[in-house]
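Single-structure report; data block below.
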2 protein chains.
Amino acid sequence: MGPGPINADPRVLRAMSAQLVGQYDPSMTAYMTETQELYRGVFRTANEATLLVDGTSRAGIEAALVSLLSPGDRVLVPVFGRFGHLLVEIAERCGAEVHTIETEWGTVFTPEQIEAAILEVRPTLLAVVHGDTSTTVAQPLDELGAICRAHDVLFYTDVTASIGGNRFETDAWGLDAVTGGLQKCLGGPSGSAPITLSPRAVAVIESRKSIEAGLRSLDPGDADSEVRAERIRSNYFDLAMILDYWGPKRLNHHTEATTMLYGARECARIILEEGLYETIARHALHGSAMLAGLTGLGLTIFGDLAHKMTNVVAVYIPDGVNGDAVRAELLNDYGIEIGTSFGPLHGKVWRIGTMGYNARKDTVLTTLAALEAVLRRAGVTLTAGGGTGAAQDVYSDAA
Amino acid sequence: MGPGPINADPRVLRAMSAQLVGQYDPSMTAYMTETQELYRGVFRTANEATLLVDGTSRAGIEAALVSLLSPGDRVLVPVFGRFGHLLVEIAERCGAEVHTIETEWGTVFTPEQIEAAILEVRPTLLAVVHGDTSTTVAQPLDELGAICRAHDVLFYTDVTASIGGNRFETDAWGLDAVTGGLQKCLGGPSGSAPITLSPRAVAVIESRKSIEAGLRSLDPGDADSEVRAERIRSNYFDLAMILDYWGPKRLNHHTEATTMLYGARECARIILEEGLYETIARHALHGSAMLAGLTGLGLTIFGDLAHKMTNVVAVYIPDGVNGDAVRAELLNDYGIEIGTSFGPLHGKVWRIGTMGYNARKDTVLTTLAALEAVLRRAGVTLTAGGGTGAAQDVYSDAA
């Protein structure tokens, strides 16, 4: 019940135990094509360029940034938590000129603040995290696409923490690049990063395309594809090459991580079978029950609740309580993991997730019951049954 | 029965269906520590810095090169196949000054040729593929460590294609950095890259260390770790950070790909239970049987047999035969995949693997029987039973 990775859906684990097939076996390439279509559904996009990057979510982030940003390009990163800092860090390593605006952890920016910064910085790319698990809040993105378009700025976001549990619309919100991961609301393991790119983003990436020497030798036409703009600084994360591998050319790049592909495919199948909006509503229900339960125990919630993600909550550690000792007792005696926190919140809040396969009534109620018992042993005065009672009220009201 | 990825060992697939645990759950960190020790056994090293990079084998290559090479560093790459070109390509993108020597596909270099090039180029790093599946041969490395040490050159190799099926000794051969992958002789899926680094390589990497801003804020001591040398150009592949994540600090970096870790761990457990040298001997036996069988069918083998890897063989497509049609018939009618080839060998040879879980008598014999049947239908004149008969002779001699 931490902020991710969480228990994977058993269906995903079963899918990942399927035997491998060859990299160009027709059934394998059919799985790749099917997975692209499934993630168009999850991302809410018609983008042809929708695929998986073989690595954890930060691999997807780096692939997007290193492919979109040439050294010296200006990028604007609004930072409202740890993962904003990560975007800054990765963009800097891409050689970009990085500009930031910052807001207190637990709050978000207004569209006006972001537009003002765009006018000042004149970036080629706006890079902003959607939901930042470090603070539990999500930056509203729905008005930013139009602002970016008006000022000719590419618009990129990472939705690892939010996708599947919170409303997100790639096309309707005007996103040019979106990256995610399986280990939160998608209910899978870390290790595959779904990504989608608008035609505008693809055009930027294609302009930086090159083809590996070991593959180039027999097709003279490939000479046309030699380096034109500044070459992408990474081979592994070169989305132009990865697009040729996933596209009709099927030009060899890495050896696709077959088992992770099976997992990513099953994550999307589960969500689209339940219905994307139904999955989001399930996260909203169980997240509300957890929030009500923690409040019902007399604990104080961190952050701007108006922008809180459905799938994670940060709660202040009561005065005089050793946060790590409580976490250890929950894990060792109850088999329940809750999360610590980073940076300015370290030692101040716990983070509790209700996401993916763990967004269920039984997990919410057992976590609240266990937390009550552990906190009472730690000397905290609590309303007996206040947590589970308040959560049950949420479920009754929803029924 | 292609050159990889191959069928995974069912034990690996079962291990990968285990439920996830939290990133800092004591059982997870124990698995990480255990996996490091297992790969010390596979790599034949005492290197403390032995761990997994979360991505396919080329992710491991890029992590090694981008972490070891600063822009402008000179690197020497002896190229004897497609994957030599890949090392060149990745090193160029790291901003290194890349020098190559080349030899015809199917042959290898003498130590004298490599030493002469080192003396001419004076590189900081020698980067050479061990076994190159594109040509089926392995470059002898056992004399190169001493040469590198004598000239103060770091020595890096990629063993994705060879490890577990061919003798390889990290420490005895004087390697400073070694990268691999699971999808060949280790019998697992692509998606995790085991890597080992000598103390000398770690010192170079540590000199380029930085710590993420989102993690840095609360520990004033971290300021000491600010950028000293040229910062590593990638966050995801920053081995200094990845070492802090796998080391006693457990400093958060990416979210470890738990399921891939389970798989990588099981691959190593299987090999070390069988015995590393016994596993190599098994590959040698079945590789010899396949080679004898193909010869017994009257086909011609490609490449320098003195340096051929045990686990893959390239065989000329007979004149007048459509290589892709034969591969399609083998796959569609017999369920057996064999490989095509790249670059100068494209359309000229098939590549057939006997590796990992597929290095077995039954797979060798059924492949030879099926190939005979398909080639006869394609109009090739063959000795009836010549393939399976020759393979059986190898097995009888070995018994």
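Here is the naming used below: chain letters follow the sequence lines, and residue numbers restart at 1 for every chain.
A salt bridge links Arg231(A) to Glu92(B): at least one charged side-chain nitrogen sits closer than 4.0 Å to a carboxylate oxygen.
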**OP:** Show your reasoning for whether salt bridge (charged side-chain N to carboxylate O under 4.0 Å, His left out) applies to Glu62(A) and Arg58(A).
**Re:** CA-CA 6 Å; Glu62(A) 189 157 321; Arg58(A) 89 167 52 195; over 6 Å; no
Original post:
Passes ring-ring contact (aromatic ring centres under 6.0 Å, His included), Tyr236(A) versus Phe237(B)? Steps please.
Top reply: CA-CA 10 Å; Tyr236(A) 192 71; Phe237(B) 292 134; 5.6 Å; yes
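Chain B forms the most heavy-atom pairs under 4.5 Å with one residue out of Met16(A), Arg14(A), Arg233(A), and that residue is Arg233(A). Chain A forms more heavy-atom pairs under 4.5 Å with one residue of Ser192(B), Gly22(B), Gly55(B), Ala59(B) than with any other, namely Ala59(B). The choice from Pro5(A), Ala257(A), Gly347(A), Ser234(A) that makes the most heavy-atom pairs within less than 4.5 Å of chain B is Ser234(A). No other option in Asp238(A), Val53(A), Val66(A), Val21(A) has as many heavy-atom pairs under 4.5 Å with chain B as Asp238(A). Contacts with chain B were tallied for Thr340(A), Leu331(A), Thr258(A); Leu331(A) has the most, counting heavy-atom pairs under 4.5 Å.
Using a 3.5 Å distance cut-off with no hydrogens or angles, the side chains of Asn235(B) and His253(B) do pair a donor with an acceptor. Checked by atom type, the side-chain pair Asp158(B)/Thr179(B) shows a donor-acceptor distance below 3.5 Å.
Between Tyr245(B) and His254(B), the two ring planes are perpendicular [angle over 60°; tilted spans 30° to 60°].
With a 4.5 Å cut-off on non-hydrogen atoms, Ile232(B) touches chain A through its backbone and its side chain both. At a 4.5 Å heavy-atom cutoff, Leu261(A) makes no contact with chain B through either its backbone or its side chain. Neither the backbone nor the side chain of Asn332(A) has a heavy atom closer than 4.5 Å to any heavy atom of chain B. If you measure heavy-atom distances from Ala18(B) to chain A, the contacts under 4.5 Å come from the backbone alone. With a 4.5 Å cut-off on non-hydrogen atoms, Gln183(A) touches chain B through its side chain but not through its backbone. For a residue to count as touching a neighbouring chain, one of its non-hydrogen atoms must lie under 4.5 Å from one of that chain's; by this rule Gln23(B) touches chain A with backbone and side chain alike.
Between Ser17(B) and Ser17(A), the closest heavy-atom pair is CB-CB, 3.9 Å.
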